[in-house]
Amino acid sequence: MKYPFSEVEKKWRDFWEAEEIYKTDLSNDEKALYSLVMFIYPSGAKTHIGHWYNYAPTDSWARFKKMQGFNVFEPIGYDAFGLPAENYAIKTGVHPKDSTMKNIADIREQLKGMGCMYDWSKELTTCVPEYYKWNQWLFIQLYKKGLAYRKAAPVNWCPSCKTVLANEQVQADGTCERCDTMVERKNLTQWFFKITEYADELLDGLKKIDWPEKTKTMQENWIGKSFGTEVTFKVDGSDEEIKVFTTRPDTLFGVTYVVLAPEHELVQKLVKPEFADDANKYIDSVKSLSEIERTSTVKEKTGVPIGAYAINPVNGEKVPVWIADYALVTYGTGCVMAVPAHDERDFEFATKFNLPIRKVILKEGTNPDEELKEAFTGIGTMINSGQFDGLRSDEGKEKISDWLEEKGFGTRRINYRLRDWLISRQRYWGTPIPVVYCDNCGEVLIPEKDLPVELPYEVDFKPDGASPLASNEDFVNVACPKCGAPAKRDVDTMDTFVDSSWYYLRYLSPHYSNGMFDSGLANKWTPVHKYVGGAEHATMHLLYARFIYKFLRDLGLVESDEPFQSLVHQGTITNDGTKMSKSKGNVVNPGDFVEKYGADVFRMYLMFMGPYELGGDWNDKGIVGVDRFVQRSYNLFTNNKDLLKRVKDADVYDLEKLNDEEKIVYKKVNRTIAKFENEVDNFRFNTAVAALMELLNDLTKYFDKVSDEVKLYVLRRYAVMLAPLAPHLGEECGALLGAEGSVFVNPPKFKADEKALVQENAIIAVQVNGKMRAKLELPVDSGEATVKDAAFADSKVKQHTEGKTIVREIYVKNRIYNIVVK
RNA sequence: GCCGAAGUGGCGGAAUUGGUAGACGCGCUGGACUCAAAAUCCAGUUUGGGAUAACCAAGUGCCGGUUCGAGCCCGGCCUUCGGUACCA
């Protein structure tokens with residue numbers, strides 16, 4: 001009989017919901033396990049394969065843990081603010097709130113169809129005042145600690161649309177995606193969170209968490225801690241000073257020019273009138289370049305001199321000041337001391353513009369007069385460096401730094417590549433920033449008792465040069481909370497990464513009104529035990545969330561140091577090699593497959609496709625294989641209906657008392673249990689499914705000759721293994737055997753029978769010169785002498801060794817016997 | 001460009017610690033069942049040579065290295081993917 005998946009799946013989902021099986025008792029933290037997936041972004045695409053690939057296997061893991069006796073909390077929610085809803089509104093006129101709420105309603109139904117054990121009583125949405133009120137509260141706390149501040153920062157500005165563009169909206173050639181106008185960089189005063197204050201702790205914390213090495217490496221590189229020295233260059237004929245950050249003070253005598261970022265504030269002060277035209281032209285030409293283009297090491301170097309000269313503090317030498325796009329205002333001091341002989345970029349630049357290249361570090365075994373063909377960046381002996389000549393350059397680095405500090409020309413400094421978190425967005429669909437600007441009092445926080453600052457519904461979100469909120473006068477005009485004078489609200493909204501930096505804490509008490517979240521519960525349930533989401537979040541979201549968690553700890557709201565104890569990345573599912581997205585029109589709809597095969601088959605196929613961390617290109621060819629497996633499993637149970645009511649099985653069987661087929665089946669099921677547990681526990685679902693398929697193959701082959709008792713023993717275990725991967729089917733199979741209720745409530749715990757796992761024989765490969773020539777089946781742990789005799793008794797081994805000198809023999813127990821001949 | 005990954009049969013993939021390359025599944029080929037088809041079941045299936053066998057040789061993106069032995073370790077490339085601070 002064909003497995004009636006749609007009836008069965010509906011039946012069990014209704015049962016789970018009616019019995020509230022997945023409602024977690026959060027007050028009970030004994031064996032508490034918080035299994036978290038990255039919440040869903042409710043854009044127009046609804047749920048796609050990528051969501052299923054993230055959520056369904058993680059749910060299988062969570063179910064597996066629940067069946068092992070853990071008190072599992074598995075929530076879901078909606079990351080509901082953000083750009084796409086607003087773009088959709090601009091295009092269609094549908095209000096972001098309306099489209100988002102509708103999408104959420106649709107997505108909720110789709111999520112329920114996946115059959116995950118979400119605790120729906122803890123569902124959360126970020127775009128409601130009940131949630132975003134606490135973003136504002138968080139902002140205020142950061143502000144009070146000096147960790148939220150304003151400064152100027154560039155945005156992408158389309159002069160034709162009169163709007164700020166996201167990087168995503170700027171095309172590869174630097175034009176606007178809507179109107180193809182060249183996009184410019186424009187400076188705006190914006191809010192920042194001072195994540196750099198936590199840079200060291202964010203680095204150190206990586207040592208304590210169980211995360212993929214590659215993610216930790218990426219975060220480490222992203223933070224980019226470097227030790228160096230800040231050196232002050234006086235400017236010839238001016239009171240201004242140029243401060244440069246360098247990790248190579250040992251090359252200071254090799255400086256032949258100084259580079260400022262074109263946007264650097266000093267440029268306009270230092271540029272000589274006769275250089276101003278060219279400099280400004282250059283500054284304009286750089287405006288349309290992205291940072292990636294600017295820092296590219298293959299792009300031709302560009303720059304112009306500004307007529308000023310800097311004085312090298314170590315030798316009093318005057319060197320020209322240039323501006324060049326390879327210097328960035330966002331890194332270090334925005335000024336670079338150029339040492340062409342010992343820096344690749346400087347070398348290229350100096351070669352192009354005929355600037356002097358002075359060797360100050362001598363590579364071992366080379367001649368001081370030899371011309372450099374490329375920059376030498378290694379360690380060597382210092383030359384042309386005054387009193388430091390003859391020192392090894394790594395030692396000289398310290399000596400020069402000491403000298404600079406002594407003379408007041410510089411100080412040792414630690415620099416980070418990490419920049420503060422810019423949270424202002426000139427958009428509508430986000431959390432309003434709880435600040436007003438008053439002519440008398442300056443920037444004033446909204447008092448906590450007046451939160452939330454609600455996002456008004458009535459705004460014109462069509463671009464007209466200002467943030468959309470500026471168009472709502474009732475919102476903008478407000479009395480200053482301090483002095484009562486007329487004041488104006490901040491009309492920007494917050495980056496949505498603010499919402500996602502603490503949502504997992506809110507899940508525990510989504511309607512809590514006395515604070516951001518219930519601290520008591522948070523301390524019972526965090527750090528989150530397992531966090532599963534895409535690797536694309538490796539640096540930004542995961543770094544912001546760690547930062548905010550540490551800040552909340554410093555406020556006393558949580559006790560631990562890290563939010564996510566263990567992290568897993570599912571891979572990306574692509575379609576024809578590219579990431580699925582609605583704009584590309586290559587989204588594969590899971591609904592079609594669910595309708596045809598059922599949710600269980602679909603989610604099991606996603607798990608079977610390949611390694612979870614790898615993802616891969618979407619291909620539905622293999623799904624019929626999983627469907628066949630499900631059909632065969634179902635038939636196996638219908639053929640053995642109500643066994644539980646008819647016979648009684650033992651907990652353990654004595655292998656000696658079983659017939660041959662029973663022995664095979666008994667050993668196989670126990671080996672499968674051992675393998676299966678190890679695989680699922682480590683998110684290796686593909687091999688877990690394969691193990692069950694192997695088991696089923698053996699069962700179909702040998703079950704004829706197996707007693708009902710042993711059959712029951714095997715099938716009970718089989719149903720329990722099936723349940724986390726295919727929850728509806730697992731329940732149904734259990735019920736077919738005659739079990740009552742849900743297998744996820746007080747599930748039977750089956751351990752593999754160690755005796756059944758013991759191997760009697762090992763197959764040993766015999767190699768001659770590394771080539772496999774024979775296989776020997778010998779008792780496990782046979783000694784070398786026994787194996788040697790057996791090996792040389794083999795005719796093929798004889799054939800390949802006769803008449804040759806045996807040089808060496810290597811024996812690896814139970815694995816290999818290698819004979820090396822000449 | 002920079003940072004981080006990945007590359008194995010016709011296809012998805014397995015090989016968990018440097019030790020039998022190709023588990024499991026798809027597809028394909030042949031067979032059984034059927035009037036026939038579908039479904040199902042059974043057998044075969046890395047490539048080349050050989051007679052279908054025995055057997056021989058080659059083989060894990062490319063080039064080189066370490067080792068008795070490399071898909072796995074090291075060096076250098078190529079291709080694809082993720083991120084690159086306003087997509088989330």
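Here is the naming used below: chain letters follow the sequence lines, and residue numbers restart at 1 for every chain.
For the pair A/Leu36/A/Phe564, a side-chain contact is recorded, criterion being any heavy-atom separation below 4.5 Å from C-beta on. By the 4.5 Å heavy-atom criterion applied to side chains, A/Pro96 and A/Phe81 are not counted as neighbours. At a threshold of 4.5 Å between non-hydrogen side-chain atoms, the residues A/Leu111 and A/Tyr55 count as touching.
The shortest distance between the side-chain N/O atoms of A/Asn686 and the OP1/OP2 oxygens of B/G12 is not below 4.0 Å. The phosphate of B/C81 (OP1 or OP2) has no side-chain N or O of A/Thr574 nearer than 4.0 angstrom.
Cation-pi contact between A/Arg417 and A/Trp222: present, with separation from the ring centre below 6.0 Å and deviation from the ring axis of at most 45°. Both tests pass for A/Arg546 against the ring of A/Trp211: distance under 6.0 Å to the centre and angle within 45° of the axis.
Between A/Tyr503 and A/Phe39, the ring planes are parallel. Angles under 30° get that label, and only those over 60° would be called perpendicular. The aromatic rings of A/Phe139 and A/Phe193 lie tilted to each other, with the angle between the two planes from 30° to 60°. Between A/Phe593 and A/Tyr597, the ring-plane angle classifies as parallel under the 30° and 60° cut-offs. Ring geometry for A/Phe685 versus A/Phe683: interplanar angle over 60°, hence perpendicular rather than tilted (30 to 60°).
Between B/G13, B/A88, B/U16, one nucleotide has an atom nearer to the side chain of A/Pro611 than all others, and that is B/G13.
Every salt bridge (Lys or Arg N to Asp or Glu O under 4.0 Å) that A/Glu263 has, sequence neighbours left out, goes to A/Arg294. The salt bridge (Lys or Arg N to Asp or Glu O under 4.0 Å) check on A/Asp325 picks up A/Lys299, with sequence neighbours excluded. Annotation: side chain to side chain donor-acceptor pair (under 3.5 Å) contacts of A/Thr163 (sequence neighbours excluded): none. The salt bridge (Lys or Arg N to Asp or Glu O under 4.0 Å) search around A/Arg178 returns none, not counting sequence neighbours. Take A/Phe349 and apply the ring-ring contact (aromatic ring centres under 6.0 Å, His included) test, not counting sequence neighbours, and it matches A/Tyr257, A/Trp322, A/Tyr326, A/Phe353.
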Treating primed atoms plus P, OP1 and OP2 as sugar-phosphate and everything else as base, which nucleotides of nucleotides 68-80 of chain B get B, S or - for protein heavy atoms under 4.0 Å?
B------------
Under 3.5 Å, which N/O atoms of the protein pair with N/O atoms of nucleotides 27-31 of chain B?
{"residue": "B/G27", "atom": "OP2", "partner": "A/Arg628", "partner atom": "NH1", "Å": "3.4"}

Name the pairs: protein N/O against N/O of nucleotides 1-4 of chain B, kept only if under 3.5 Å.
{"residue": "B/G1", "atom": "O4'", "partner": "A/Ser296", "partner atom": "OG", "Å": "3.3"}
{"residue": "B/G1", "atom": "O3'", "partner": "A/Thr297", "partner atom": "OG1", "Å": "3.0"}
{"residue": "B/G1", "atom": "O2'", "partner": "A/Thr297", "partner atom": "N", "Å": "3.0"}
{"residue": "B/G1", "atom": "O2'", "partner": "A/Thr297", "partner atom": "OG1", "Å": "2.8"}
{"residue": "B/C3", "atom": "O3'", "partner": "A/Asn221", "partner atom": "ND2", "Å": "2.7"}
{"residue": "B/C3", "atom": "O2'", "partner": "A/Asn221", "partner atom": "ND2", "Å": "3.0"}

Under 3.5 Å, N/O pairs linking protein and nucleotides 43-49 of chain B:
none

Under 3.5 Å, which N/O atoms of the protein pair with N/O atoms of nucleotides 55-58 of chain B?
{"residue": "B/C56", "atom": "OP1", "partner": "A/His800", "partner atom": "NE2", "Å": "3.1"}
{"residue": "B/C56", "atom": "OP2", "partner": "A/Lys796", "partner atom": "NZ", "Å": "3.3"}
{"residue": "B/A57", "atom": "OP2", "partner": "A/Arg773", "partner atom": "NH1", "Å": "3.3"}
{"residue": "B/A58", "atom": "OP2", "partner": "A/Lys771", "partner atom": "NZ", "Å": "2.8"}

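Using atom C1' as the reference point in both B/G10 and B/U29, the two lie 13 Å apart (nearest Å). Straight-line distance between the P atoms of B/G61 and B/C55: roughly 28 Å, to the nearest whole Å. Spacing of C1' atoms, B/C33 relative to B/U40, comes out at 9 Å, to the nearest Å. Taking atom P on both nucleotides, B/A15 is separated from B/C35 by 46 Å, rounded to a whole Å. Comparing the C1' positions of B/U17 and B/G27 gives an interatomic distance of 35 Å, to the nearest angstrom. When the C1' atom is used for both B/U45 and B/G22, the distance is 12 Å, rounded to whole Å. The gap from the P atom of B/G69 to that of B/G1 amounts to 37 Å, rounded to the nearest Å.
Ring centroid separation for the pair A/Tyr544 and A/Trp421 comes in under the 6.0 Å cut-off.
The stretch residues 184-195 of chain A touches RNA chain B through A/Gln190, each having a heavy atom under 4.0 angstrom from the strand.
Spacing between atom CE of A/Met693 and atom P of B/A14 amounts to 14 Å, rounded to whole angstrom units.
Remark: A/Glu694 does not engage A/Lys701 in a salt bridge, criterion side-chain N to carboxylate O under 4.0 Å.
Contact of A/Lys2 with B/U40 (side chain to base): no donor-acceptor pair of N or O atoms is detected under 3.5 Å.
In RNA chain B, consecutive stretches of 3 or more Watson-Crick or G-U wobble pairs with both distances under 3.5 Å are given as paired ranges: B:1-7 with B:78-84, B:10-12 with B:24-26, B:27-32 with B:40-45, B:46-49 with B:55-58, B:61-65 with B:73-77.
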Evaluate the criterion salt bridge (Lys or Arg N to Asp or Glu O under 4.0 Å) for residue pair A/Asp794 and A/Lys796; output intermediate values, then yes/no.
CA-CA 6 Å; A/Asp794 185 274; A/Lys796 274 184 71 188; over 6 Å; no
